[in-house]
Amino acid sequence: MNLKAVIFDLDGVICFTDKYHYQAWKALADRLGIYFDEVINNRLRGVSRMASLEIILERSETAYSQAEKEAFAEEKNNTYRKLLEQMSPADLTDEVRQTLQELRRRGCRLAIGSSSKNTKFILGQIGLGDFFDAIADGTDITRSKPDPEVFLLAAERLGLAPADCAVVEDARAGIQAAKAGGMTALALFGDAAHCGLEDVNLSSFADILNHI
Ligand code: G6P
Ligand code: MG
């Protein structure tokens, strides 16, 4: 395909923080007496923290103020950060590490495009703090996926045109964002796979090597 760069989503692609997001949201939902399960959790992939909270509050009878919602989001994030502290370079699989190294060996530029404001903390935990050529994350953007803002910023920071970039995503919202930004969309796991908007369905992380 003659692509010059790969922009990776973080949560659910490079590492599996989904279970920690779930545990942290579940603790908040339980405390507030709101039903929450793994199916609802699937709707939170690629969605910003505040938008995730709104999805959880859909099942609440109480109308909370903006200040209460901000406190809930902070409570969830504090629980989530404690869970992230358990992460280490052992949470990066050999498959992901070797695939990233092989892409770099082939001259491909590598970036992260994530809605998470915890991106740099997570990359540090798994030993990739200095690895990527560019990072665009939730601290840089005002519009979350499916808006292409985070991926366009990653491409800009790489100094490349969107058409030169592929995006790897596990979220349908992320595939929508990649296509809206004019990039090649590679779907891996989650609700991205076979969502109908992707250019390629990857069979595994290492399968990226067959499409770049
Ligand atoms: C990623 C995850 C979402 C999460 C979002 C914000 O996109 O897939 O589940 O809500 O980041 O994460 P943050 O770490 O900023 O709360
Ligand atoms: Mg994701």
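On a predicted model such as this, the values are computed, not experimentally measured, just so you know.
Within 6.0 Å of the CD atom in Glu68, the count of heavy atoms belonging to other residues, nucleotides or ligands exceeds 12. Under a cut-off of 6.0 angstrom, the local environment of CG in Asp37 is crowded, with over 12 non-hydrogen atoms contributed by other residues, nucleotides or ligands. Annotation: Lys120, atom NZ; neighbour count of heavy atoms from other residues, nucleotides and ligands within 6.0 Å is above 12. More than 12 heavy atoms of other shown residues, nucleotides or ligands fall within 6.0 angstrom of atom NZ in Lys179.
Side-chain atoms of Glu70 and Gln66 form a donor-acceptor pair, as typed in the model, at a separation below 3.5 Å. With hydrogens and angles left out, the side-chain atoms of Asn118 and Asp11 include no donor and acceptor closer than 3.5 Å.
Listed for the Glu95 side chain is a donor-acceptor partner under 3.5 Å among the backbone atoms of Phe205. In terms of modelled atom types and a separation under 3.5 Å, the side chain of Gln98 and the main chain of Val96 share no donor-acceptor contact. In this structure a side-chain-to-backbone donor-acceptor pair under 3.5 Å is missing from Glu169 to Ala192. Here the side chain of Asp140 pairs a donor or acceptor atom with the backbone of Asp137 at under 3.5 angstrom. In terms of modelled atom types and a separation under 3.5 Å, the side chain of Asp170 and the main chain of Phe189 share no donor-acceptor contact. Asp207 places no side-chain N or O within 3.5 Å of a backbone atom of Leu202 that could act as its donor or acceptor partner.
No salt bridge links Lys82 with Glu85; every basic N to acidic carboxylate O contact stays at or beyond 4.0 Å. Salt bridge Asp9/Lys145: present, at least one basic N to carboxylate O contact under 4.0 Å.
Put simply, the side chain of Phe36 does not reach to within 4.5 Å of the side chain of Leu28, judged on heavy atoms.
Cation-pi geometry between Arg104 and Phe131 is satisfied (NZ or CZ under 6.0 Å from the ring centre, within 45° of the ring normal).
Ring geometry for His21 versus Tyr80: interplanar angle under 30°, hence parallel rather than tilted (30 to 60°).
Taking each heavy atom of Met87 and Thr17 in turn, the nearest pair found is SD-CG2, 3.8 Å.
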